[in-house]
Asker: 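Before anything else, here's the structure in question.
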Amino acid sequence: MIGFRRAAQLVCLLIFAVLLAAAGTGMAGTDLFLRIDPVLVGIAAIAGRVLLWAFLPALAVVISAVLFGRIFCGYICPMGTAIDLSDGCFALQKRPSPPRAISPNFKLYVLAFLIGAAVAGISVVFWAAPLALITRLSGTVIYPVIRLVSDQALTAFYPIADWLDVRSLMFLNIEVRRFAGQFFILFFFAAVFAAVRLSPRFWCRYLCPSGALLAICSKKPLVRRRVGPDCNQCGKCVRNCPMDAIDPQNPETARHDNCIVCKTCERICPEDAIDFSRQTGKRQTENAFFQPISLDRRRLLLSGIGGLGVAAVGMTGLRFVTGEKAEGEVRTPRLIRPPGALPEAKFLAACVRCSQCMTACPTNTLQPVWFAAGALGMFSPAIVPRRKYCDPKCTACGDVCPTGAIQTVSPAQRTWVKTGTAVIYRQRCLAWEYKKSCMVCDEVCPYDAVNFEKKPDLPHPVPHVVEDKCAGCGYCEYYCPVGNDAAIVVTAMNAFRL
């Protein structure tokens, strides 16, 4: 049965990778794995004050925990599979003792913290939701590296392709993607994977909020671990359980809320005394410390209050946006959100920073921001026109957004979506400042929003932006020949967000 589990993990990981690679192609369901994370969609629903039919797959995962225990963690979750793979590569020869200073219930405090912040309308789930984290790693770190290596390999193969006269490979072009913040994400996951030195599946045991929610639902699953009368108390199952779910003092007793149904104990039991079924086996002895979930109400309450406190502090930040036209708000003029993005406060509440939209973006203009939107806006997507323009015909970001932070826009509506307005800095413009002939911005603008006028004191026509026509697509800024900072840039002025 252990072979079946590994096969299931690899198949789910492969499906996850295929769906992520297909993001932006128009294929339906590319955000499926994000929508089955119960904490990710649950926190988004609470913070954004919205409930979508798209969240139903997460409900199925919760029901599965009630019936079969945490099979999602043991068989489906790509984050769990990645941790299992890293544990197999970097684990110590001698299995480390569990860090008893950390309670297995600590993940419940993480969950309470996230819920507390969400009640205040602030989502910080992007720091902990496993599917958001693994999608961010795959989409902004692993995926670009694979494209870079493929491009280099293709370049190295050119002489052979020329010799073999394989023209299709000679003219094949693989665009290399670039993203900001990659090293931070890489170091974060290095710490997650290195935690195997403390205990196997450290993240899943002590930190994962989705695991905490599923643990609450799987205290007594319908199908669970049973120990028969042949058990000789050898303790082999205790030593090999990756989740520390078996009582060291009484191997017949298990924490079903911690068990991920990996069936390692069943496989290695020398007496074949363990099975996972609905059958009534030998009566399980109760252990007040080990049977649980034993919730420390005070700590849970403090965790929830801590989440509310962090939300309150964040809401008093200088760059926190409360409304579209509130007075006294300091906004970053170059912070340009994707087409179809909700108004800023609702956008940040619904956005889970999964980077799915950035992976799907065909022009690679969507990038994660750092503190441009304040601390609560970290890793949220923004258009960087100098990197590349936002195609007026593209709706990929809205199509793959799992929580509705970026609304789905039809092709007919997309043309009218305004993400910002271009502004000309005359002191940098070749025509205005340097008196040279340049009409690039007018030539590339798909909306005909740049007009050239003849001025009596200038030898060549100079550009003006027709603001009512401009949609903020960024073609002009991307193609502007002025080095470093362009002479025409897109700002968030008059962005149309509903």
Side-chain angles (χ1 to χ4, degrees), residues 1-6 9 65 68-75 77 80-81 83-108 195-208 211-212 214-216 218-221 223-294:
M1 187 58 90
I2 192 71
F4 171 78
R5 174 174 172 257
R6 292 301 185 201
Q9 284 185 304
F68 308 108
R70 291 173 58 182
I71 58 171
F72 174 78
C73 304
Y75 291 76
C77 179
T81 302
I83 291 175
D84 275 346
L85 292 173
S86 68
D87 284 1
C89 295
F90 304 113
L92 297 171
Q93 292 295 323
K94 181 180 179 181
R95 182 180 288 266
S97 300
R100 295 293 183 183
I102 303 178
S103 168
N105 289 335
F106 188 82
K107 57 183 176 290
L108 295 170
V196 67
R197 297 286 175 159
L198 299 176
S199 73
R201 275 203 172 219
F202 183 90
W203 172 271
C204 306
R205 285 194 195 185
Y206 304 109
L207 299 175
C208 180
L214 296 179
I216 294 173
S218 59
K219 291 176 63 176
K220 292 184 178 180
V223 176
R224 58 182 183 265
R225 181 179 183 267
R226 309 280 184 177
V227 180
D230 294 333
C231 176
N232 60 6
Q233 306 286 320
C234 67
K236 191 174 182 180
C237 57
V238 176
R239 294 189 296 272
N240 287 275
C241 178
M243 292 294 290
D244 193 29
I246 305 173
D247 186 356
Q249 305 302 322
N250 185 5
E252 296 182 0
T253 303
R255 281 193 63 158
H256 302 299
D257 54 288
N258 268 6
C259 177
I260 58 172
V261 203
C262 66
K263 299 190 177 182
T264 299
C265 54
E266 180 185 68
R267 179 177 61 88
I268 65 173
C269 179
E271 303 296 332
D272 291 329
I274 301 173
D275 71 331
F276 285 74
S277 67
R278 294 183 57 190
Q279 298 176 2
T280 303
K282 183 178 178 180
R283 186 178 181 274
Q284 307 292 305
T285 57
E286 298 295 328
N287 184 313
F289 172 79
F290 217 74
Q291 283 295 321
I293 298 172
S294 175

Asker: Whether the side chain of Thr81 engages the backbone of Cys77 through a donor-acceptor N/O pair (distance < 3.5 Å, no angle test) should be reported.
Answerer: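 Yes, Thr81 side chain to Cys77 backbone: donor-acceptor pair under 3.5 Å.
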Asker: Who passes side-chain contact (heavy atoms from CB on, under 4.5 Å) against Asn232, sequence neighbours left out?
Answerer: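 Residues passing side-chain contact (heavy atoms from CB on, under 4.5 Å) with Asn232: Cys234, Glu271.
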Asker: Can you check whether Ser277's main-chain N or O pairs, donor with acceptor, with Asp275's side chain at less than 3.5 Å?
Answerer: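 A pair under 3.5 Å: no.
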Asker: Are the side chain of Arg205 and the backbone of Phe202 linked by a donor-acceptor contact shorter than 3.5 Å?
Answerer: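 Pair absent, no side-chain N/O of Arg205 close to backbone of Phe202.
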Asker: For the residue pair Asn240 and Lys236, what are the closest heavy atoms and their distance?
Answerer: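 Heavy atoms of Asn240 and Lys236 come nearest at ND2-O, 2.8 Å.
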Asker: With Cys73, which residues qualify under side-chain contact (heavy atoms from CB on, under 4.5 Å), at least two apart?
Answerer: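 For Cys73 the side-chain contact (heavy atoms from CB on, under 4.5 Å) partners, ignoring immediate neighbours, are Arg70, Arg201, Leu214, Ile260.
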Asker: Could you report the tightest heavy-atom contact between Ser199 and Tyr206, atom names first, then the distance?
Answerer: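 Heavy atoms of Ser199 and Tyr206 come nearest at OG-CE1, 3.6 Å.
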Asker: Would you call Arg5-Asp84 a salt bridge at under 4.0 Å N-O?
Answerer: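 Salt bridge present between Arg5 and Asp84.
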Asker: I'd like to know whether Ile216 forms a side chain to side chain contact (heavy atoms under 4.5 Å, CB included) with Leu108, so could you lay out the CA-CA distance, the side-chain angles of the two residues, the decisive distance to 0.1 Å, and finally the verdict.
Answerer: CA-CA 9 Å; Ile216 294 173; Leu108 295 170; 3.8 Å; yes
Asker: Find the distance between NZ (Lys219) and CZ (Arg224) and round it off to the nearest 0.5 Å.
Answerer: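 Here the interatomic distance stands at 12.0 Å.
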Asker: Grab the two heavy atoms, one from Val238 and one from Asp247, that are nearest each other, plus how far apart they are.
Answerer: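 Closest approach of Val238 to Asp247: CG2-O, 3.8 Å.
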Asker: Show your working on side chain to side chain contact (heavy atoms under 4.5 Å, CB included) between Phe276 and Arg226 and close with a plain yes or no.
Answerer: CA-CA 6 Å; Phe276 285 74; Arg226 309 280 184 177; over 6 Å; no
Asker: Which heavy atom in Ala215 sits nearest to a heavy atom in Lys107, and how many Å separate them?
Answerer: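 Smallest interatomic distance, heavy atoms only, reads CB-CE, 4.4 Å.
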Asker: Can you confirm whether more than 12 heavy atoms, excluding those of Phe106, are under 6.0 Å from its CZ atom?
Answerer: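 Not more than 12 within 6.0 Å, no.
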Asker: Tell me, please, which residues at least two apart from Cys237 pass side-chain contact (heavy atoms from CB on, under 4.5 Å).
Answerer: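 side-chain contact (heavy atoms from CB on, under 4.5 Å) check on Cys237 returns Arg225, Ile246, Pro251, Cys265, Ile274.
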Asker: Which heavy atom of Pro221 sits nearest a heavy atom of Ser218, and at what distance?
Answerer: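 Minimum heavy-atom contact is CD-O, 3.3 Å.
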Asker: For the CZ atom of Phe68 and the NE2 atom of His256, what is their distance to the nearest 0.5 Å?
Answerer: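 Taking CZ in Phe68 and NE2 in His256, the distance rounds to 15.5 Å.
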Asker: Taking all non-hydrogen atoms of both residues into account, name the closest pair between Ile83 and Trp203 and its distance.
Answerer: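 The answer is CD1-CB, 3.7 Å.
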